[in-house]
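Have a look at the structure below, then the notes.
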2 protein chains.
Amino acid sequence: MPQELQSFKAEFFKALSNPLRIRILELLRDGDKYVHELQEHMGIDSAVVSQQLAILRNRNIVLGVKDGTKVMYSVRDPLLFELLDIAKQIFNHSLNHTIQMLQDMNQ
Amino acid sequence: MPQELQSFKAEFFKALSNPLRIRILELLRDGDKYVHELQEHMGIDSAVVSQQLAILRNRNIVLGVKDGTKVMYSVRDPLLFELLDIAKQIFNHSLNHTIQMLQDMNQ
DNA sequence: TAGTAATATATATAGATTTTAATATTTATA
DNA sequence: TATAAATATTAAAATCTATATATATTACTA
């Protein structure tokens, strides 16, 4: 694999490496939303939401469509949700492993 | 989803958000390797490889097993490779989309 | 066989760069 | 003018990368 592609992949994962951005993507999983809707769900300043949306937009992960003064956001590729699910599975495996290890230690 | 889990997920993706670490994981996909083997493939200082391995180790993504003075590394969960494949697919979709858009603009 | 060198890996340190998150300002539309 | 969203700015925190140092194991050798 060429070195450039590795950098692109790394950039992609970097876009996902922030709790606010993960939260946004999970909210969008339940349906497209306006910025102010995201802001209300997350309970943070709308400028902060806009900042994080800009990062996801620049990486082509979400799409914003204007509707008057509002902007409706959606996730561009549904495969992203599959990716998040696999991440969760990996996470669960790792957690199970840790729990098992602690149990073994107490035997 | 609890806020903590979002942070954990973000941490996980952060571990993947570096070109050297992506390279390491792709090399390990072809089979477990010693640090010096990784270092030779990557053509960088072994201290740099160790640093990056430490990050992957701390996030429970890889496992290092001592064998004399050497340490053999492997990926803990094969699901990780599935995750990388899906990332690649998302990436291809995005690229196709961009190409299509450029073509449309030239019509 | 004790002492020392060589090898493999890990950790520590530090300066440069990047990211974060909060606030302020700007733009666009109703 | 009021509202919705985006962008700019900034200080603090985190990350990166290179280099230096430390540790642990094996090999050598006097």
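Sequence lines set the chain letters: A, B, ... in the order given, protein chains first and strands last, and positions in each chain run from 1. In what follows, every heavy atom counts, from backbone to side chain, and hydrogens, waters and symmetry copies are set aside.
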Closest to the side chain of B:Y34, out of C:dT9, D:dA4, C:dA21, is C:dT9
note: A:I44, atom CD1; C:dA21, atom P; distance rounded to Å ~ 9 Å
Result for 5'-nearest mapping on DNA chain C, choosing between A:K66 and A:Q51, is A:Q51
Is it possible for you to say whether A:F81 and B:I86 belong to one hydrophobic cluster, with membership spreading through side-chain heavy-atom contacts below 4.5 Å?
yes
From CZ of A:R21 across to P of C:dT19 the rounded distance in Å is 9 Å
Picking from C:dA10, D:dA18, D:dA6, the nucleotide nearest the side-chain atoms of B:V48 would be D:dA18
- request: Quick one: do B:Q89 and B:D85 satisfy side-chain hydrogen bond (donor to acceptor under 3.5 Å, both in side chains)? Show the steps, please.
  value: CA-CA 6 Å; B:Q89 280 186 61; B:D85 284 342; over 6 Å; no
Regarding the side chain of B:H36, the nearest nucleotide among C:dT9, C:dT11, C:dA21 is C:dT9
With a cut-off of less than 4.0 Å, is there a side-chain N or O of B:N18 near OP1 or OP2 of D:dC16?
yes
Side-chain contact check for B:S50: nearest option of C:dT7, C:dT11, D:dA5 is C:dT11
Rounded to whole Å, CG of A:L53 lies from P of D:dA6 at a distance of 7 Å
- Message: Below the 4.0 Å mark, does C:dT19 have OP1 or OP2 next to a side-chain nitrogen or oxygen of A:K14?
- Response: yes
The reported gap from OG in A:S17 to CD in A:E11 (rounded to nearest 0.5 angstrom) is 9.5 Å
Review point. Would the B:F91 and A:F8 ring centres measure less than 6.0 Å apart?
Key: yes
B:I55 CD1 to D:dA14 P, in whole Å, measures 14 Å
| Phosphate-side-chain proximity, B:R57 and C:dT11, N/O vs OP1/OP2 below 4.0 Å | yes
Here the distance between atom P of D:dT15 and atom CG of B:L20, to the nearest Å, is 16 Å
Which of C:dA8, C:dA22, C:dT29 is nearest the side chain of B:T69? It is C:dA8
To the nearest angstrom, the CD-C1' distance between B:E37 and C:dT9 comes to 14 Å
Of the listed D:dA5, C:dA24, C:dT11, the closest approach to the B:A54 side chain comes from C:dT11
To the nearest angstrom, the NZ-P distance between A:K33 and D:dA4 comes to 18 Å
Between CG of B:D45 and P of D:dT17 the distance, given in whole Å, is 13 Å
Would you indicate, yes or no, if D:dA4 has its OP1 or OP2 atom less than 4.0 angstrom from a side-chain nitrogen or oxygen of A:Y73? no
- Task: With B:K70 as the cation and B:Y34 as the aromatic partner, state whether NZ or CZ is under 6.0 Å from the six-membered ring centre and within 45° of the axis.
- Result: yes
